[in-house]
Amino acid sequence: MMLFRTVRHSDLKGIQALSERAGIGLTSLPNNLDQLRSRVTRSVDTFDGKLTRAQQGFLFVLEDTRENRVVGVSAIEAAVGLEEPFYNFRVQRTIRSSRELGVYKAIEALTLEQDQTGNSELCTLFLDPEYQKEKNGTFLSKARFLFIAAFRDLFSKIIFAEMRGVADEQGNSPFWNSLGQHFFGIPFSQADYLTGIGSKTFIAELMPLHPVYISLLPTEAQKVIGQVHEKTVPARAILEKEGFSYQGHIDIFDAGALLQAEIDRIRAVKESRLVSVSKVKSVIRSNGVPCIVANQHFHEFRSLLLNVADDSNELLLTSVEMDALQVSDGEQVRLVSLFPKEN
């Protein structure tokens with residue numbers, strides 16, 4: 001059984017194992033035990049109500065209950081940029097023309113911005129490659145939306161996801177090589193790692209403060225602006241089908257697309273609904289459609305992916321499923337179909 005749940009201190013070893021497999025470019029999952037321990041602690045403290053909104057971060061894991069193994073992570077930041085700046089480039093388009101020469105040109109430039117300040121963020125999505133099957137990745141990503149729907153007041157109007165940009169296995173980023181390294185003088189992998197462990201002062205100190213004209217960058221750098229890493233293409237598709245879109249914001253290091261949406265317009269949020277649980281000895285799961293089913297418990301939020309009839313007001317669960325979700329007979333759970341309905 002694959003169980004999506006809130007993180008525990010005991011998950012640290014499993015999360016570190018995942019960070020070793022994540023590779024370069026997943027900034028929020030650095031292969032650094034102290035930073036990962038701090039991240040887990042921050043999430044536990046967030047659920048315990050010990051942190052301000054500016055500090056709150058919710059970390060979740062996907063557990064293979066048969067193997068007692070953490071196989072995936074995903075997270076939500078309540079509000080970015082309130083304590084330390086959150087930077088991105090905005091692609092701005094202007095028109096320049098000359099009546100005398102009969103020239104009309106569209107010019108695009110990159111401007112350093114802090115547009116996402118105060119917005120919520122989806123982040124730290126990584127699934128063990130061995131488990132990238134049977135809808136696990138989609139479940140790991142979308143289960144967060146049921147948590148957001150259940151505790152809507154914790155999050156802002158806008159939520160975004162900064163997607164991993166184009167880079168090779170050695171950590172060579174065409175965008176960084178053409179722009180960032182000229183200002184920072186360090187490899188992309190080092191800049192990405194420093195950001196991941198919370199060292200961000202150097203960004204404000206060294207990033208270009210004036211617009212950078214895209215046409216002056218090498219062709220290989222221009223091509224990756226607003227694109228994503230080949231391993232991130234499925235994650236981008238998942239969010240876009242839920243209502244996220246690219247609106248000209250990119251990561252300052254690798255130019256990966258930043259996708260955003262209004263939370264209340266996200267399909268899985270607005271279509272999720274509460275249904276009552278009824279306990280049964282057994283149930284046939286071959287019928288119905290894949291649905292995310294989640295309890296309404298804040299501290300012990302849990303979710304399963306089950307095939308159910310998503311148009312019913314009653315949900316039949318076995319005792320094993322109820323124990324996994326930590327719900328009782330007659331209790332309400334939140335439910336939404338895993339995929340949007342086809343028109």
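In this text the structure is predicted, and so the values were computed from the model without any measurement.
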Nearest 0.5 Å please: distance from the CG atom of Leu306 over to the CG atom of Leu316. 11.0 Å
Checking Ser38 side chain against Asp34 main chain: does a donor-acceptor pair fall under 3.5 Å? no
Treating Asn295 as the side-chain partner and Glu300 as the backbone partner, does any N or O pair qualify as donor plus acceptor under 3.5 Å? yes
Step through the shown structure and confirm whether more than 12 heavy atoms of other residues, nucleotides or ligands are within 6.0 Å of NE2 on His9. yes
Just by distance, do the side chain of Lys241 and the backbone of Phe339 share a donor-acceptor pair under 3.5 Å? no
Please answer whether the main-chain N or O of Ser156 pairs with a side-chain N or O of Ser120 as donor and acceptor at a distance below 3.5 Å. yes
Closest heavy-atom pair, Ile250 versus Tyr246, reported as atoms and distance to 0.1 Å, is CG2-OH, 3.5 Å
Answer yes or no: is there a donor N or O on one side and an acceptor on the other, between the side chain of Arg152 and the main chain of Phe155, under 3.5 Å? yes
Between Val233 and Val166, is there shared hydrophobic-cluster membership here, with clusters defined by ILVMFWY side-chain heavy atoms closer than 4.5 Å? yes
Decide whether Val91 and Val224 are clustered together by the hydrophobic rule: side chain heavy atoms of Ile, Leu, Val, Met, Phe, Trp, Tyr closer than 4.5 Å, transitively. yes
Using the side chain to side chain contact (heavy atoms under 4.5 Å, CB included) definition, which of the options Ile252, Asn88, Ile214 pairs with Leu110? Ile214
Do Gln260 and Gln116 meet the criterion of a side-chain donor-acceptor pair at a distance under 3.5 Å? yes
Rounded distance (nearest 0.5 Å) linking atom CD1 of Ile266 with atom OG of Ser272: 10.5 Å
If you compare all heavy atoms of Leu304 against all heavy atoms of Met2, which two are closest, and at what distance to 0.1 Å? CD2-O, 3.5 Å
For Leu101, look at atom CG and say whether over 12 heavy atoms of other residues, nucleotides or ligands are found less than 6.0 Å away. yes
Under the 3.5 angstrom rule, does the side chain of Ser303 hit a backbone N or O of Phe4 as a donor-acceptor pair? no
Do Asn313 and Arg273 come within less than 4.5 Å of each other through their side chains, counting heavy atoms only? yes
4.5 Å side-chain heavy-atom contact, Thr219 and Lys223: yes
Among all residues two or more places apart in sequence or in another chain, which pass the side-chain hydrogen bond (donor to acceptor under 3.5 Å, both in side chains) test with Arg236? Glu240
Using a 4.5 Å cut-off on heavy atoms from C-beta on, say whether the side chain of Ser319 contacts that of Met322. no
Do you know which two heavy atoms are closest between Ala324 and Arg302, and how far apart they sit? O-NH1, 2.7 Å
Does a side-chain heavy-atom distance below 4.5 Å link Asp264 with Lys270? no
Any side-chain heavy atom of Arg285 sitting closer than 4.5 Å to one from Val308? yes
If you link ILVMFWY side chains whenever their heavy atoms are less than 4.5 Å apart, which other residues fall into the same cluster as Ile95? By chain and number, please. Tyr104
Salt-bridge criterion met for Glu121 and Arg144 (N-O under 4.0 Å): no
Sorted by chain and number, sequence neighbours left out, ring-ring contact (aromatic ring centres under 6.0 Å, His included) with Phe151 holds for Phe147, Phe298
Honestly curious: do Leu12 and Phe126 fall in one hydrophobic cluster under the side-chain, below-4.5 Å linking rule? yes
Please name the pair of heavy atoms, one in Ala75 and one in Arg39, separated by the smallest distance, quoted to 0.1 Å. CB-NH2, 3.3 Å
I need the Thr46 OG1 to Leu51 CG distance, nearest 0.5 Å. 4.5 Å
Any link between Val228 and Phe175 through a network of hydrophobic side chains (Ile, Leu, Val, Met, Phe, Trp, Tyr) touching at under 4.5 Å? yes
Just by distance, do the side chain of Thr65 and the backbone of Met1 share a donor-acceptor pair under 3.5 Å? yes
Full working for side-chain contact (heavy atoms from CB on, under 4.5 Å) between Asn287 and Asn307: CA-CA 6 Å; Asn287 299 326; Asn307 271 18; over 6 Å; no
Asp323 side-chain N/O to Val320 backbone N/O, donor-acceptor pair under 3.5 Å: no
Verify the ring-centre separation between Phe47 and Phe58: is it less than 6.0 angstrom? yes
First locate atom CG of Leu33, then atom CD of Gln35, and finally report the distance between them rounded to the nearest 0.5 Å. 10.0 Å
Name all residues meeting the side-chain hydrogen bond (donor to acceptor under 3.5 Å, both in side chains) criterion together with Tyr213; count only those two or more places apart in sequence or in a different chain, and write none if there are none. none
So that I can tick it off, tell me whether Arg42 and Glu77 are bridged by a salt bridge, with the cut-off set at under 4.0 angstrom between side-chain N and carboxylate O. yes
Measure from the side-chain N and O atoms of Gln132 to the backbone N and O of Leu127, and report whether any donor-acceptor pair falls under 3.5 Å. yes
Any heavy-atom pair between the side chains of Arg267 and Ser337 that's under 4.5 Å? yes
Enter the distance from Asp254:CG to Asn177:CG here, rounded to the nearest 0.5 Å. 11.5 Å
Are Val70 and Leu59 connected in a single hydrophobic cluster, I mean Ile/Leu/Val/Met/Phe/Trp/Tyr linked by side-chain heavy atoms less than 4.5 Å apart? yes
Closest approach of Leu29 to Ala22 (non-hydrogen atoms, all atoms of both residues): CD2-CB, 4.1 Å
Heavy-atom closest contact (Ala221 atom, Ile225 atom, distance): O-CG1, 3.5 Å
For Arg99 and Val103, indicate whether the former's side chain and the latter's backbone hold a donor-acceptor pair under 3.5 Å. no
dist Leu259:CG -> Phe160:CZ (nearest 0.5 Å) comes out at 11.0 Å
What residues, two or more places apart in sequence or in another chain, satisfy side-chain hydrogen bond (donor to acceptor under 3.5 Å, both in side chains) together with Thr111? Gln92
Do Ile159 and Phe244 make a side-chain contact, defined as non-hydrogen atoms from C-beta onward lying under 4.5 Å apart? yes
Measure the shortest side-chain to side-chain distance between Phe301 and Leu146 over non-hydrogen atoms and say whether it is less than 4.5 angstrom. yes
Sequence neighbours excluded - salt bridge (charged side-chain N to carboxylate O under 4.0 Å, His left out) pairs with any residue from residues 64-73: Arg69-Asp128, Arg69-Glu130
